[in-house]
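Lettering follows sequence order; numbering is per chain, from 1. Quick caveat: nothing in here was measured; it's all calculated off a predicted structure.
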Amino acid sequence: MIKIVKPNPTHRAVREPALKQPAKRMSVRVRFAPSPTGALHIGGVRTALYNYLFARKNGGTFILRIEDTDQNRYVPGAEQYIIEALKWTHLIPDEGVGFGGDLGPYRQSDRKEIYQKYARELVRLGHAYYAFDTPEALEGLRAGEANFTYNFRTRTGLSNSLTLSADAVQQHLDAGTPCVIRLKVEPEQAIRIEDLIRGEVVFQSNELDDKVLLKADGMPTYHLANIVDDHLMGITHVIRGEEWLPSTAHHVLLYRGFGWEDTMPKFAHLPLILKPEGNGKLSKRDGAKFGIPVFPLAWAGQTAEDSFPGFRETGFLPEATVNFLALLGWHPGGEQEIFSMDELAQAFSIEHIGKSGARFDYEKAKWFNQRYIQAADNRALATSIRPLAEAKGYRSDEEFLVRSAALMKERVTFLPDFVEQGYYLFEPVRTYDNEMIGKKWNPALQPHFEALIEHVEAQTTFEASALEESLKEFMHGRSLKAGDILPLLRLALAGTMKGPAVFDMAAVLGKTETVRRLQTALAYFLGA
RNA sequence: GGCCCGUUCGUCUAGGGGUUAGGACGCAUCCCUUUCACGGAUGAAACACGGGUUCGAUUCCCGUACGGGCUACCA
């Protein structure tokens, strides 16, 4: 693997192109670049996953860059949330905020001066210009004409360094008049993009507006920051959501303007994740609407409306979450459904990413989780169950949890189900299935049941198969059918007809507890 | 409105000029099991529509419809 060492970009002269190596000889470098405006949406996790898998597949580098250039939308804690979410899903960046790396800083608010320098450079090169129009003035224009755009047609009648005299511009700059820097889009150009997922996409520059590159507060917009950073960080492939496709033409113009087109990254625009029902892309509000998590981790916002449950808290295993997400919009062909992270990385290719939006299928997500729980090691499950048991004040010793996990793993969907559906392994029966008791119990059974309790009490070993053998012998001796006694035994131990094999439950519960439950149940049966 | 993207079972998808259009989730039935699950088997279920091109289109091209995204000094 050839590692290209680059000098610190902040010390580099602006006009020098940073990277001259042909793209094909560079090792793959991809970035996940979320904005810390709140909890990371599950779609964002999928974007991170695809970037991660692409990097892994190609022996490349996966970078986390925080795009916090909008000071108004900054949400405290969001950055930490993003990092924690990536860790939970095992999408560990090789470089980035919180992960080191030589091409930082990786937080855009820490790179403000860099963008300003490049923005001015683009003005000098004639591909950008200062604009002094106030936001209010532009709003007024939009109010008058709904389709108003700041472009090659309208800019000649507006207040900017293209229409003002050099002196007037200098005066404004000296006086510190608030201004932005805009991209100067030249008309009559066709901009072709070779998208790795969609093929050729063509835009006409006449349709494009003169995007703001540097805002009046000195911060760059996404468009400028993204190009400057991708270039300085040596990004080879931009894998991002489809919502960015329309602005990619502007991005290409920026690469051209800076003279970086020969090292421009390749683009791959991912299809969106759609709502479970109805139209449109999955949004955070859909979580409450459909009663499903749409975030990897729970998020506690300022208000109840801004607080959301997460996959983790719902009881999803990270591996199942990743597997589910990976197949939402991508499939390698073939008939395999269950993939480990290594297998995903091995099988991954951008060519197999679908073009159309993928509906968020929660039933499928549940199925994956169930499969992963079934396949999980009992001891690993015990570790996951322990905090849940402790939270309820249940016993949580290793061996007991391991045995409980073994009994319940094939009938749960989520981690908390172990202590909720299977609560009777941890605490006495809360409610009995009266309908079933009505069907199975009759007073004539009382002496047999009493004898059963004695019989159980007399057991020397308390292991499932021995117990089963012994009880079957007991029933045979009294001419009782399994159907006469076993359902009642189950009801006594669990209160419900659902659950693990009775003898397994008895063994896990232990003799003392089993006898106690039989006694309690008998009293209940007699009273019922 | 304008620009851009998309459309195979209900859902996620495989496939690709000639296939009984394959798999998975979900659903239904059956088997296993004196519980519930797991597992196994079977079944119902799809190429949006209209024109081309072609001996032949679900597959290629063009329209239409429908869906989606973008259209900020947000990302």
Would you mind classifying the nucleic acid contact of [X] as base, sugar-phosphate or nothing, using non-hydrogen atoms under 4.0 angstrom?
{"X": "Gly329(A)", "result": "sugar-phosphate"}
{"X": "Gln336(A)", "result": "nothing"}
{"X": "Asp417(A)", "result": "nothing"}
{"X": "Asn147(A)", "result": "base"}
{"X": "Ala358(A)", "result": "sugar-phosphate"}
{"X": "Lys211(A)", "result": "nothing"}
{"X": "Thr69(A)", "result": "sugar-phosphate"}
{"X": "Thr134(A)", "result": "base"}
{"X": "Phe203(A)", "result": "sugar-phosphate"}
{"X": "Pro500(A)", "result": "base"}
{"X": "Val202(A)", "result": "sugar-phosphate"}
{"X": "Gly280(A)", "result": "sugar-phosphate"}
{"X": "Arg198(A)", "result": "sugar-phosphate"}

Roughly how many Å is it from [atom1] in [X] to [atom2] in [N], rounded to a whole number?
{"X": "Gln116(A)", "N": "C73(B)", "atom1": "CD", "atom2": "C1'", "result": "14 Å"}
{"X": "Glu335(A)", "N": "C25(B)", "atom1": "CD", "atom2": "P", "result": "12 Å"}
{"X": "Ile82(A)", "N": "A75(B)", "atom1": "CD1", "atom2": "P", "result": "14 Å"}
{"X": "Leu407(A)", "N": "C36(B)", "atom1": "CG", "atom2": "C1'", "result": "13 Å"}
{"X": "Arg240(A)", "N": "G69(B)", "atom1": "CZ", "atom2": "P", "result": "17 Å"}
{"X": "Phe368(A)", "N": "G26(B)", "atom1": "CZ", "atom2": "C1'", "result": "13 Å"}
{"X": "Tyr150(A)", "N": "G2(B)", "atom1": "OH", "atom2": "C1'", "result": "21 Å"}
{"X": "Ile273(A)", "N": "G6(B)", "atom1": "CD1", "atom2": "C1'", "result": "16 Å"}

Can you identify which nucleotide, out of [options], has its nearest atom closest to the [X] side chain?
{"X": "Met497(A)", "options": "C70(B), U34(B), U35(B)", "answer": "U35(B)"}
{"X": "Leu245(A)", "options": "U34(B), C5(B), C73(B)", "answer": "C5(B)"}
{"X": "Val201(A)", "options": "C4(B), C73(B), A37(B)", "answer": "C4(B)"}
{"X": "Arg359(A)", "options": "A75(B), G39(B), C12(B)", "answer": "C12(B)"}
{"X": "Ser356(A)", "options": "C4(B), G6(B), A75(B)", "answer": "G6(B)"}
{"X": "Gln370(A)", "options": "U34(B), C70(B), C38(B)", "answer": "C38(B)"}
{"X": "Leu328(A)", "options": "C74(B), A37(B), C12(B)", "answer": "C12(B)"}
{"X": "Asn279(A)", "options": "C38(B), G39(B), G68(B)", "answer": "G68(B)"}
{"X": "Gln374(A)", "options": "G39(B), C4(B), G23(B)", "answer": "G39(B)"}
{"X": "His331(A)", "options": "C25(B), U13(B), C73(B)", "answer": "U13(B)"}

Q. Given A72(B), is OP1 or OP2 found less than 4.0 Å from the side-chain N or O atoms of Arg182(A)?
A.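 False: Arg182(A) side-chain N/O out of range (4.0 Å or more) of A72(B) OP1/OP2.
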Looking only at atom [atom1], what distance separates [N] and [M], rounded to whole Å?
{"N": "C36(B)", "M": "A24(B)", "atom1": "P", "result": "25 Å"}
{"N": "C5(B)", "M": "G63(B)", "atom1": "P", "result": "12 Å"}
{"N": "G16(B)", "M": "C60(B)", "atom1": "C1'", "result": "11 Å"}

Parallel, tilted or perpendicular: rings of [Y] and [X] (30°, 60°):
{"X": "His331(A)", "Y": "Phe339(A)", "value": "perpendicular"}
{"X": "Phe474(A)", "Y": "His455(A)", "value": "tilted"}
{"X": "Tyr81(A)", "Y": "Trp299(A)", "value": "perpendicular"}
{"X": "Phe311(A)", "Y": "Tyr362(A)", "value": "perpendicular"}

Who is the Watson-Crick or G-U wobble partner of [N], with both distances under 3.5 Å?
{"N": "U20(B)", "value": "none"}
{"N": "G1(B)", "value": "U71(B)"}
{"N": "C32(B)", "value": "none"}
{"N": "A14(B)", "value": "none"}
{"N": "G43(B)", "value": "C27(B)"}
{"N": "G6(B)", "value": "C66(B)"}

**Q.** Row check, Tyr150(A) ring normal vs Arg182(A) NZ/CZ: under 6.0 Å, within 45°
**A.**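 Output yes; distance and angle both within limits.
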Q: Tell me, yes or no, whether the heavy-atom count around Lys275(A) atom NZ, taken from other residues, nucleotides or ligands under 6.0 Å, exceeds 12.
A: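 Buried by this count: over 12 neighbours within 6.0 Å.
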Q. Going by atom types only, do Tyr372(A) and Asn323(A) share a side-chain donor-acceptor pair under 3.5 Å?
A.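 The criterion, which ignores hydrogens and geometry beyond distance, is satisfied for Asn323(A) and Tyr372(A).
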Q. Can you find a donor-acceptor N/O pair under 3.5 angstrom joining the side chain of Lys364(A) to the base of A24(B)?
A.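 A donor-acceptor contact between them is present.
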(Q) So for Arg411(A) and C38(B), does any side-chain atom that can act as donor or acceptor lie under 3.5 Å from a complementary atom in the base? (A)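 By the distance-only test, no, there is no pair.
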Q) Step by step, would you call Trp244(A) with Phe267(A) a ring pair (Phe, Tyr, Trp, His ring centres under 6.0 Å)? A) CA-CA 10 Å; Trp244(A) 294 111; Phe267(A) 295 100; over 10 Å; no
